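Predicted model, so just to flag it, every value in this text is computed and none were measured. Residue numbers count from 1 along this sequence.
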Amino acid sequence: MKNNFKGNWMSNLQLALVKSLEVNGTVLTLRNGFQMAGYQTITCSGHYPDDPRLPKLKNFYDNNILRVMHQVHYQTAGNKSMDLVFFVNGIPVATAEIKTDLTQSVQDAIREYQDERKPIEPGSNRKNFLLMYKRGAVVHFAISESEIWMCTNLEGNKPRFLPSFQQGD
């Protein structure tokens with residue numbers, strides 16, 4: 001790939017990936033890869049094969065890189081950051097705000113998403129791509145020591161969080 005694009009190959013690859021994320025979204029880009037002029041489909045992730053005896057497909061799956069990063073700034077200007085961001089092969093798939101029961105509750109994390117974590121900033125219309133529906137992370141978690149709530153779409157005035165993975169009392 002490098003030989004065909006000379007010094008611009010990385011930039012062209014990034015532009016093609018961003019275009020796929022914007023047009024097809026995160027899930028389909030991870031699932032199906034994306035097209036780049038002059039190449040066949042660029043694969044973004046390997047899926048566990050229906051038949052694990054297929055060594056090439058199993059190898060793609062085994063080579064996925066899963067990463068969790070702490071305090072990820074999601075704006076180029078400003079101090080806004082997420083407590084955790086989960087990536088599959090460099091593509092963000094989930095975010096998390098974490099609260100400890102000693103000082104805050106899961107409801108504080110939910111309010112933080114609803115009031116401060118906007119896909120498009122009110123006033124400036126700045127896009128926070130990590131938080132955008134379809135194009136950004138697939139799911140956003142509000143986490144405390146005993147509860148986890150999730151939301152797939154942060155757009156609108158009050159994004160709706162649903163309870164999941166409750167440990168209970």
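- Without hydrogens or angle criteria, Q114 side chain to P159 main chain gives a donor-acceptor distance under 3.5 Å.
- Of all heavy-atom pairs spanning N89 and S45, the tightest one is ND2-CA, 3.4 Å.
- F87 and M82 end up in the same hydrophobic cluster when Ile, Leu, Val, Met, Phe, Trp and Tyr side chains are linked at under 4.5 Å.
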Using the side-chain contact (heavy atoms from CB on, under 4.5 Å) rule, take V93 and V139 through it: C-alpha gap first, then chi angles, then the decisive distance, then the call.
CA-CA 7 Å; V93 295; V139 64; over 6 Å; no
Verify side-chain contact (heavy atoms from CB on, under 4.5 Å) between L66 and F86, making sure each step is shown before the conclusion.
CA-CA 7 Å; L66 308 176; F86 300 81; over 6 Å; no
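- Nearest heavy atom pair, residue Y113 against residue A142, reads CE1-N, 4.3 Å.
- With a 4.5 Å cut-off on side-chain heavy atoms, L13 and F34 count as touching.
- The side-chain hydrogen bond (donor to acceptor under 3.5 Å, both in side chains) pairs that include a residue from residues 15-24 are S20-N24, S20-T29, where partners are two or more places apart or lie in different chains.
- The 12-atom threshold is exceeded at CD of Q71, counting heavy atoms of other residues, nucleotides or ligands nearer than 6.0 Å.
- The distance from atom CZ of F161 to atom CE of M150, rounded to the nearest 0.5 Å, is 9.5 Å.
- The environment of CG in N157 is sparse: at most 12 heavy-atom neighbours from other residues, nucleotides or ligands sit within 6.0 Å.
- The line from OH of Y133 to CG of L154 is 11.5 Å long, rounded to the nearest 0.5 Å.
- Atom CG in D108 sits 11.5 Å away from atom OG1 in T100 (nearest 0.5 Å).
- The two atoms that bring E116 and K80 nearest to each other are O-NZ, 3.7 Å, heavy atoms only.
- A single hydrophobic cluster is seen to contain both I110 and V85, as judged by linkage of ILVMFWY side chains at heavy-atom distances under 4.5 Å, directly or through other members.
- L28 CG to C44 SG: the interatomic distance, rounded to the nearest 0.5 Å, is 11.0 Å.
- The main-chain N or O of T43 is never found under 3.5 Å from a side-chain atom of T41 such that the two would form a donor-acceptor pair.
- Closest approach of E147 to V106, counting heavy atoms only: OE2-CG1, 3.6 Å.
- Interatomic distance, I143 CD1 to D83 CG, rounded to the nearest 0.5 Å: 8.5 Å.
- Hydrophobic clustering, with ILVMFWY side chains joined whenever heavy atoms are under 4.5 angstrom apart, keeps L21 apart from V138.
- Between T95 and H140 the shortest heavy-atom distance is OG1-ND1, 2.6 Å.
- More than 12 heavy atoms of other residues, nucleotides or ligands sit less than 6.0 Å from atom CG of D115.
- Nearest heavy atom pair, residue W9 against residue M36, reads O-CE, 4.3 Å.
- A 4.5 Å side-chain heavy-atom check between K134 and T152 finds every atom pair outside the cut-off.
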Table please: side-chain donor-acceptor pairs of residues 122-129 below 3.5 Å, with sequence neighbours left out.
| residue | atom | partner | partner atom | Å |
| --- | --- | --- | --- | --- |
| S124 | OG | R126 | N | 3.3 |
| R126 | NH1 | A77 | O | 3.3 |
| N128 | OD1 | Q75 | NE2 | 3.4 |
| N128 | ND2 | K118 | O | 2.7 |
| N128 | ND2 | E121 | OE2 | 2.8 |

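- Atoms CD and CZ, from E112 and R117 in turn, are 4.5 Å apart once rounded to the nearest 0.5 Å.
- Taken together through direct or relayed side-chain contacts under 4.5 Å among Ile, Leu, Val, Met, Phe, Trp and Tyr, L131 and V72 form part of one hydrophobic cluster.
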Let me have the donor-acceptor pairs involving side chains of residues 54-62, under 3.5 Å, with sequence neighbours excluded, atom names and distances please.
| residue | atom | partner | partner atom | Å |
| --- | --- | --- | --- | --- |
| K58 | NZ | D62 | OD1 | 2.9 |
| K58 | NZ | D62 | OD2 | 3.1 |
| N59 | OD1 | N63 | ND2 | 3.0 |

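- No single ILVMFWY cluster, assembled from side-chain heavy atoms under 4.5 Å apart, contains both V18 and I120.
- Annotation: side chain of I98 is in contact with side chain of L84 (closest heavy-atom distance under 4.5 Å).
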